[in-house]
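When a residue number appears, it is its place in the shown sequence, counting from 1. Read the numbers this way: they start at 1 and go in the same order the structure lists the ligands and their atoms.
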Amino acid sequence: MKSAVSFLGAFVALVRLAASEAVVGKADGFAYGVTGGGNASPDYPADITELKSMLTDNVPRVIVLKKTYDFTQSEGTIVGNVCLSWGAGHSCQQIIQKDCGDTPSMMAKWWKAPTIPIDVASHKTILGVGNKGVIRGKGLRFTNGATNIIVQNIQIADLNNKYVWGGDAIGFTNSSKIWIDHVTTHNPGRQHYVFGFEPSTGITLSNNFINGNSTYSTSCDNYHYWNFEMVGTDDQITLKNNYMYRTAGRAPALSGGTLLHAVNNVWSDNGGHVLEGGDTKARGIFEGNVFTDINSMIADYAGRLFGTPAGSESKCKSALGRNCQTNSYKQASGSLNAYTDTSFFGDFAGLHIAGAVSASEAASSVPKNAGAGIIDVSV
Ligand SMILES: *[C@@H]1O[C@H](CO)[C@@H](O)[C@H](O)[C@H]1NC(C)=O
Ligand SMILES: *[C@@H]1O[C@H](CO)[C@@H](O)[C@H](O)[C@H]1NC(C)=O
């Protein structure tokens, strides 16, 4: 009897300990080794003010979101000029801009808060519980040398989505070792992910849901144009297991001096184009990806690229230490098969390389596993 009671006591203690949250898995690819706030005991911000202060102070933290933090109205409104560049239709985006030239324009009002992101400080983990961790009307940015940050299982949504320049969901410029995992972004004004000119290295974007089904868009048809702007002068980005739904452009814009490894992502229902990028210094390997229902694969691309046409898989060994997986195309106009440049493969030396499965495995696993609300961060 006595031993049964003490067993029960130990069990209760275990259960109490278990009421906590922790990061699920580890970063694969360039952000490998990131620890964020490490094993700091969780903080549960009470409101938007506390969330902002916990994200920006210089204390390593594990910040757990169990509810919606709505910043939308918190900084008031801005009144200004907008250009009706894609018409005045109900679902057309407009551009916040002082001078529209010959383009019709009008005065409009938008929220201030989404136009100014929170600059997250180093050594933070931001974790959402279930599908409850939501930030509305405010983006997160990693800059000024910010390093060692994990964001997992949250949603960032609704940043003046009617207006280009209304707000980006997630931004990087001058940052390192950042892992964004199982994050859903929806209805930003401009980019889902934006990289500024100052180098961001050791970045992994994995298992994210880029929901481009937007209320307002540049084509007035609910397909979001502004998805991944990669223009950093010397960035390293692993893009793995992400689900890009209803995009229309910049998916990605692979430009600047970016080094990209795009592996096992799924693009589904694209209404414009996937790849673009005007700079010759951009470099990318695309392998094991799935392109389904794609209006156009490439708008213009000036950089170097390896698109893994069938028969070329073994060429990747010098870059990745293993064979590449071929990409799969279904109802896609165009492909990346003409891109066979391997001249930049030495640039992967010393970087942690993400693993790959076949495109057909990615096709069945990625759409149902991407985004917030899928994994369980409670332990
Ligand atoms: C990055 O940020 C750090 C810290 O603020 C600063 O010292 C450095 O000059 C910045 N680097 C660039 C390229 O701007
Ligand atoms: C897109 O979003 C709208 C508004 O939330 C929704 O009614 C519609 O079903 C969505 N369409 C698709 C194809 O996901």
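- For S360, the side chain to side chain contact (heavy atoms under 4.5 Å, CB included) partners two or more places apart in sequence, or in a different chain, are S358.
- Side chain of S105 to main chain of C83: no donor-acceptor pair is present (N/O by atom type, distance under 3.5 Å, no hydrogens or angles).
- Residue R246 has no N or O atom closer than 3.5 Å to an N or O atom of ligand 2.
- Near ligand 1, residues N144, G145, N174, E198 each place a heavy atom inside the 4.0 Å sphere around the ligand atoms.
- Note: F172 and Y193 have parallel aromatic rings, judged against thresholds of 30 and 60 degrees for the angle between ring planes.
- Under the 4.5 Å side-chain heavy-atom criterion for grouping Ile, Leu, Val, Met, Phe, Trp and Tyr, V183 is connected to F228 within one hydrophobic cluster.
- Close approach of ligand 2 to Y245 is summarised as follows: ligand atoms under 4.0 Å from at least one heavy atom of the residue are 12 (C), 13 (C), 14 (O).
- Checked by atom type and distance alone, the side chain of D119 never pairs as donor or acceptor with a backbone atom of N144 at under 3.5 Å.
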Q.
Please determine whether salt bridge (charged side-chain N to carboxylate O under 4.0 Å, His left out) holds for the pair K26 and D181, giving the CA-CA distance in whole Å, both sets of side-chain angles, and the decisive distance to 0.1 Å.
A. CA-CA 10 Å; K26 286 182 182 157; D181 184 64; over 6 Å; no

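- In this structure, N270 CG and T247 OG1 are separated by 4.0 Å, a value rounded to the nearest 0.5 Å.
- Of all atoms in ligand 2, listed by their number and element, those nearer than 4.0 Å to a heavy atom of N213 are 1 (C), 2 (O), 3 (C), 8 (C), 10 (C), 11 (N), 12 (C), 14 (O).
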